[in-house]
Amino acid sequence: MRIFLAIDVDEECKRILAESLRPVQKKLQTLSWTTPEQWHITLAFLGEVTKEKVFTLQDELETIAISRFSLEIGGGGVFPHWGMPRVFWAGVSESEEMRLLYTSLWKVLEHEGFSPENRDFHPHVTLARIKSSLSLEEKKLLQLVCIPQRWVNVEAFFLYQSELTPYGARYTKLRTYPLKESHDG
Ligand code: 2AM
């Protein structure tokens, strides 16, 4: 199974994001736009993992005891850089709480034999994948997209299965890991 761990984007935030993208989506139809059902913030992509390993991992992840927190989604950017954009994303605020969740997850994952990726953690919501090179004009259109800032409450993280289909990636939630209510101590 191909699996990853992620935080969700709430419905209201998705609605606002979708609205801010609509005009540019019409103009840039050569981009592979992701759909609101696919939007999430990846914490760890684990790739192909045996079912047995998923079973143990599912339980190990229950040991994570982190409190709920809020994060801010907004603004746009690209990976790796504007010279050769490959992914167009909505930004996610860096915060101590997010770092804590990320490092706590990786402590469990490393214990289970997974190795962290070499690249730095840049939380984001992937909005489009860019397969061909863009003209200056197309880049300008993307740079001018106004994605409003919005606070999102993070009350859980999720273990997802990713299935690659001819119609794009299909993500299914395998397990929900609720975060602690702040007054839980
Ligand atoms: P991306 O959106 O930034 O491409 C499921 O595939 C999720 O895991 C996607 O959100 C994807 O991030 C992320 N991911 C991270 N590394 C990946 C990889 N090597 N292959 C596929 N997805 C990866």
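Counting starts at 1 for both ligands and their atoms, following the listed order. Numbering starts at 1 and runs along the sequence shown.
- Arg99 is linked by a side chain to side chain contact (heavy atoms under 4.5 Å, CB included) to Glu94, Tyr102, Phe121, counting only residues two or more places apart in sequence or in another chain.
- A donor-acceptor pair shorter than 3.5 Å can be found between the side chains of Thr35 and Glu37.
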Could you pull out the N/O contacts under 3.5 angstrom between ligand 1 and the surrounding protein atoms?
{"from": "ligand 1", "atom 1": "2 (O)", "to": "Thr126", "atom 2": "OG1", "distance (Å)": "2.5"}
{"from": "ligand 1", "atom 1": "2 (O)", "to": "Arg129", "atom 2": "NH2", "distance (Å)": "3.0"}
{"from": "ligand 1", "atom 1": "3 (O)", "to": "His124", "atom 2": "NE2", "distance (Å)": "2.6"}
{"from": "ligand 1", "atom 1": "3 (O)", "to": "Thr126", "atom 2": "OG1", "distance (Å)": "3.2"}
{"from": "ligand 1", "atom 1": "4 (O)", "to": "Arg129", "atom 2": "NH2", "distance (Å)": "2.9"}
{"from": "ligand 1", "atom 1": "10 (O)", "to": "His40", "atom 2": "NE2", "distance (Å)": "2.7"}
{"from": "ligand 1", "atom 1": "10 (O)", "to": "Thr42", "atom 2": "OG1", "distance (Å)": "2.8"}
{"from": "ligand 1", "atom 1": "16 (N)", "to": "Arg119", "atom 2": "NH2", "distance (Å)": "2.9"}

N/O donor to acceptor pairs below 3.5 angstrom from side-chain atoms of residues 146-156, sequence neighbours left out:
{"from": "Asn153", "atom 1": "OD1", "to": "Ser70", "atom 2": "OG", "distance (Å)": "3.2"}

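- Taking the side chain as every heavy atom from C-beta outward, Phe79 and His124 approach each other to under 4.5 Å.
- Take Tyr171 and apply the ring pair (Phe, Tyr, Trp, His ring centres under 6.0 Å) test, not counting sequence neighbours, and it matches Phe4, His40.
- Here Glu12 pairs with Arg15 in a salt bridge; the nearest charged N to carboxylate O distance falls below 4.0 Å.
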